[in-house]
Amino acid sequence: MALILGIESSCDDSAAAVFDTEKQRIIAYHTYSQQTHSEYGGVVPEIASRSHLEKIGPVVALTLQQAGCTINDINGIAVTSKPGLAGSLLVGLCYAKGMAWARNIPLVAINHLEGHIFSSFLNADGSVRTSLPFPHICLTVSGGHTALYRVDDFGKFTIIGQTRDDAAGEAFDKIAKLIGFGYPGGATIERLAAEMHFEDFFHYPRTKHTPGDFSFSFSGLKTAVLYDLAKRGHIDLETGLRTATLTAEVQKQVASSLLVCIGDVFVKMVTRILDAHRDIKALTFVGGVACNKYLRARLEAVASNRGISLHISPPAFCTDNGAMIAFVGSYRLEQGEKATLNVDIF
Ligand code: KG4
Ligand code: ZN
């Protein structure tokens with residue numbers, strides 16, 4: 001039996017999990033999500049790394065306790081080494097290195113995005129999904145990333161397209177802030193849009209693509225929403241302040257139009273990619289934005305039209321978590337990856 005401890009601290013979540021390679025399941029996981037960034041409208045890197053310093057130890061201790069083991073029972077440590085906020089990454093990486101060195105435990109560094117890509121293999125009870133076939137297409141959408149991958153096997157994936165500027169989660173967060181809500185804004189946008197039954201009121205621009213171009217762009221969308229609100233008199237462009245006419249009703253209309261717009265962009269892009277990759281057997285949707293039920297339903301419709309399955313990780317494994325890192329670490333060590341303490345965040 002081997003127990004792999006996963007540690008994640010790339011942004012504003014301090015997270016850990018234990019994967020049992022014999023049972024092939026996550027037996028414990030814990031995430032501490034920092035709430036302090038809400039008032040700033042985004043993650044403040046210095047605050048994030050200081051919070052990780054305080055929380056990473058207790059989070060790992062709690063996870064080991066829940067797993068019914070101690071650090072002496074751990075056979076491998078997997079830790080996120082990149083990409084992410086430098087200070088945040090350093091806390092998790094140094095913590096993991098220290099533990100690995102002190103206890104002589106093999107350490108493997110995991111790319112955060114590989115973690116998200118393979119999070120789709122985790123069921124809500126922590127077991128590994130056996131029904132997800134290769135090759136599949138993975139749509140990864142979070143606050144920091146929006147990308148599409150072709151996934152051919154565990155650890156074997158190639159990027160097909162990614163955002164040229166902002167991530168879709170970032171667009172949700174920034175536009176939510178623009179209309180008066182705190183960070184993170186994605187779930188708020190979804191709640192408001194549901195109240196308007198996902199109607200498209202303002203017809204925000206959709207990215208146009210030339211054949212073979214599978215990139216996303218969301219910064220123009222943010223500007224389009226800003227200018228549309230200004231044109232309607234809801235924002236004063238000179239001061240950047242919201243006017244009294246930006247009512248709760250308008251906020252909901254913006255949220256609904258935005259969500260439909262991003263849904264349309266994803267549906268179109270995934271459809272184009274499935275046209276270009278005829279051997280694809282499944283679609284996965286991962287990252288924090290994959291918590292969104294409206295977007296899940298839109299992608300479900302695409303998948304069922306094509307006769308392929310859609311696999312989405314449970315919400316706890318969509319947002320940043322230690323389980324996906326422990327899982328990737330488990331197959332990396334099994335594939336014979338050499339453990340080393342000589343890893344950095346770059
Ligand atoms: O994966 P994640 O926890 O962190 C990053 O790696 O960025 O994703 C966080 C992002 C935020 O932008 C947040 O607004 C978005 O996920 N998010 C959502 C929803 N829940 C979280 N976006 C849309 N709808 C949701 N229900
Ligand atoms: Zn992430």
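When a residue number appears, it is its place in the shown sequence, counting from 1. Atoms within a ligand are numbered from 1 in the order they appear, just like the ligands themselves. Keep in mind the model is a prediction, meaning the values are calculated, not measured.
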4.0 Å heavy-atom contact, His112 with ligand 1: yes

Lys293 heavy atom under 4.0 Å from ligand 1: no

Geometry at the Zn ion (ligand 2) - His112 NE2 versus Asp320 OD1 angle, rounded to 10 degrees: 100°

The Zn ion (ligand 2) to nearest N/O/S of His116 below 2.8 Å: yes

Atoms of ligand 1, numbered as shown, that sit under 4.0 Å from any heavy atom of Asp173: 11 (C), 12 (O), 13 (C), 14 (O)

For Pro184, atoms of ligand 1 separated by under 4.0 Å from a heavy atom: 13 (C), 14 (O)

Test item: side-chain donor near acceptor, Asp166 and Ser219, under 3.5 Å: no

Ligand 1 contacted by Gly185 (non-hydrogen, < 4.0 Å): yes

Asp275 and Arg306 ion-paired at < 4.0 Å: yes

Atoms of ligand 1 close to Gly144 [distance to a heavy atom under 4.0 angstrom, numbered from 1]: 7 (O)

Thr207 versus His209, side-chain donor and acceptor atoms under 3.5 Å: no

Distance-only polar pair, side chains of His52 and Ser14, donor-acceptor under 3.5 Å: yes

Check: His145 N/O within less than 3.5 Å of ligand 1 N/O: no

Linked, directly or transitively: Val91 and Leu85 (ILVMFWY side chains, under 4.5 Å): no

Ionic contact status for Lys231 with Asp228, cut-off 4.0 Å: yes

From the candidates Gly287, Gly143, Ser33, the one that places a heavy atom nearest atom 7 (O) of ligand 1: Gly143

Under 4.0 Å to a heavy atom of Gly169 - the qualifying atoms of ligand 1, by number: 12 (O)

Asp320 versus Ser10, closest heavy-atom pair with distance: OD2-OG, 4.1 Å

Atoms in ligand 1 flagged as close to Thr319, the criterion being non-hydrogen separation under 4.0 Å: 1 (O), 3 (O)

